[in-house]
Every structure is written in structure tokens, then in C-alpha cells.
2 protein chains.
Amino acid sequence: MPASSKTTQHAAADVFTAIAHPVRRQILDMLVPGEQSVGQLAEPFVESQAMTRPAISQHLAILLESGLVDREKRGREQYYRLRPENLNDLRDWLRHYEHFWSDKLDALGDYLNRLAQEEQTPDET
Amino acid sequence: MPASSKTTQHAAADVFTAIAHPVRRQILDMLVPGEQSVGQLAEPFVESQAMTRPAISQHLAILLESGLVDREKRGREQYYRLRPENLNDLRDWLRHYEHFWSDKLDALGDYLNRLAQEEQTPDET
DNA sequence: AGTATACATTAGCAATTGCTTACGTGTCAA
DNA sequence: TTGACACGTAAGCAATTGCTAATGTATACT
């Protein structure tokens, strides 16, 4: 069969894979306040000699492929912005466990709440 | 310096890494109904020739290290169970984006709700 | 005791990941 | 047009991952 799409160098890049790398998570965090150019995103890494700029470009490509970010070209700069709707996969997956786990921990939660309350209201006898 | 701990063959295994692999997610799903032995967990993979049993053991070791599961030895079987409290890291991280994203999508949500309502209450003029 | 079961652990490997350096392309500025 | 800038992309590489086959180690069974 003919190539259905370009495979730059990596395979698929689902959301789970995309957020597995700490640098990629850090980039996402940097995008919370708003869109950023590649230069802006790369600056702290390059400045601290943690990584070179192309490495950031590659991480951005993976984030792009996962749908967690998109980009817009403006002048000679590329502005990346968050597209967190695509965290839905992750959200749904997580919710599956949340309900299980909140059931299990309800009793413990109640207990801890009682403890905290008793601390706030010192009972003198 | 002396080895602080045993490094079987992998490095750290945080939660993000642990859930990055589809097989590991599938194993977690299998544990939702309750604890399972390694044999039970491995069976569908081995039966379908997708993987051998040691491979499952290795995935379980990573899940164990991440804190997402624990195990209890009973007889000659090891029973693994979910420990989803340790999804807190992930939960907290995700919540960070959720609020950002729900803000952004509120308007759209309202719009869609209005659409749905209008569909249910056909307006004859 | 010996044998089978249920598992972990190891060694070895092919494939993938994550980086760097080098290069290519479009855009602004003089 | 010529050059600098902002970026993507490719080639090459060391390190890691994910598997298998082989081996070790308790536990139960006879």
C-alpha cells in the first residue's frame, strides 16, 4: 500500500506518549499563559545549556502530532498554542479510575477531614 | 557511592512513563474489577501470541515501580491490585489544564447546550 | 525426596528515542 | 540582492526500551 502520510522519523504520537517526556510537559506548561514562539519556548533550555534549539523543535513536532498544540505562522515566527481539548483521551481514561478510587478512599477522606476539623477546634475538657 | 537501591534494568518509572505504554494501560484496565494473578493478567496476551509471559512480568515491574499497583504474594501466586491514589500526580497535572480549557470552552458549551435544547423543543412560530 | 507450578530475573538483541551537528527554506531588513 | 534571522528537517549516534529465550527460586503436590 502507498504511504498514507509522511513519517518524519517517529511513528504515531498519541497523547499518552506526548506527555511522557518531562521536557514536553514543561513546554506545555509554558504555553498555559498563552501562545509562544519557538524562540521563546527554547530560550530557557538553550540558555541553561540543557538542550539545543532543534531538540525543542522535535519535541514540538511530537506535541503537534499528538494534537495537544497547534501552531500559526506569523511573519517568520511560528506561534504555538495549547489545544487542551485533546487531553480528552487522557481525561476519559483517568476518570475511569477516579471513580473507582474515590469510592475506595471515601472512608479515608472522611476520616482525614474529621482529623483536620478536630485540629482546628482544640477541644479543652 | 554505594548502590542506594537495585536497578533491575530500567531507570525511574514515574506515572507518566508507566501509562505511556498501551499494554501497561490494558493491564491497569484488567485490574479495575479487582486483583489478578500474573497468570490471569498474562493469559490474553500469551493466548493471542501477542507477547510472552516474562514480557508481562516486566511491564508489571514498571507499574509496580511507578506505584500504580502493588502486589501480594499468596501461595505461589502474586496478586496485583490497583493503587490508583498514585494517579494523583497525573490528576493534579491534568487539572491544571482542565480549568484553562473549560474556561476557553465555556462559551462553546453554552452554545451547544442551546442547540440541543432547541432541538428538543421545536419552536413553531 | 522429586517434580510441577507460578512467577521473577537475566542476557542478549533489534527497534526506537533523544539528542547533536549540519543543512535547507521562507521571511524581514538594508 | 544580499545577508541575517527564525525556524524545520535530515543524518548520525549513544542510550534506552521492549521483547525473547534461558535460567533461577519459592511454593505446592506426590
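Reminder, nothing fancy here: chain letters follow the sequence lines and each chain counts from 1. We use all heavy atoms of the structure for the numbers below, so side chains are in, but hydrogens, waters and symmetry mates are not.
Nucleotides of DNA chain C nearest to L60(B) and A55(A) differ in position, and the one nearer the 5' end is that of L60(B). Take the nearest nucleotide of DNA chain C for R76(A) and for T17(A): the residue whose nucleotide is more 5' is T17(A).
A heavy-atom distance below 4.5 Å is not found between the side chains of F16(A) and F16(B). Counting only heavy atoms from C-beta outward, the side chains of V15(B) and W93(B) never approach each other to under 4.5 Å. Contact check for I19(B) versus L90(A): side-chain heavy atoms found under the 4.5 Å cut-off.
E72(B) places its CD atom 19 Å from the P atom of dA26(D), with the value rounded to the nearest Å. Distance CZ (R71(B)) to P (dA26(D)): 14 Å, rounded to an integer number of Å. In this structure, Q40(B) places its CD atom 15 Å from C1' of dT5(C), rounding to the nearest Å. Rounded to whole Å, the distance from CD on Q36(A) to P on dC7(D) is 11 Å. Atom CD1 in I56(A) sits roughly 9 Å away from atom P in dT20(C) (whole-Å rounding). Atom pair R53(B):CZ and dT10(C):C1' shows a separation of 14 Å (rounding to whole Å applied). Rounded to whole Å, atom P of dT27(C) lies 15 Å from atom OH of Y79(A). Across the protein-nucleic acid pair, H59(B) atom NE2 and dG18(D) atom P stand 6 Å apart, rounded to whole Å.
Looking at the side chain of H21(A), the nearest of the listed nucleotides dT20(D), dA26(D), dC19(C) is dC19(C). When each of dT9(D), dA28(D), dC19(C) is scored by its nearest atom to the side-chain atoms of P54(A), the top-ranked nucleotide is dT9(D). When each of dC19(D), dG18(D), dC19(C) is scored by its nearest atom to the side-chain atoms of R24(B), the top-ranked nucleotide is dG18(D). With dC19(D), dT9(D), dA6(C) as the choices, the nucleotide that has an atom nearest any side-chain atom of E77(B) turns out to be dA6(C). Listed candidates were dC19(C), dG8(D), dC7(C). Nearest to the side chain of Q78(B) is dC7(C). Checked against dC7(C), dT21(C), dG18(D), the side chain of T52(A) finds its nearest nucleotide in dT21(C).
Y80(B) comes within 4.0 angstrom of the backbone, heavy atoms only, and of no base. R74(B) comes within contact range of no nucleotide atom at all, as no heavy-atom separation falls under 4.0 Å.
Contact record, L68(A) with A18(A): CD1-CB, 4.0 Å, taken as the closest heavy-atom pair.
Heavy atoms of other residues, nucleotides or ligands lying less than 6.0 angstrom from CD of E72(B) number more than 12.
With hydrogens and angles ignored, a donor-acceptor pair under 3.5 angstrom links the side chain of Q58(B) to the base of dT20(D).
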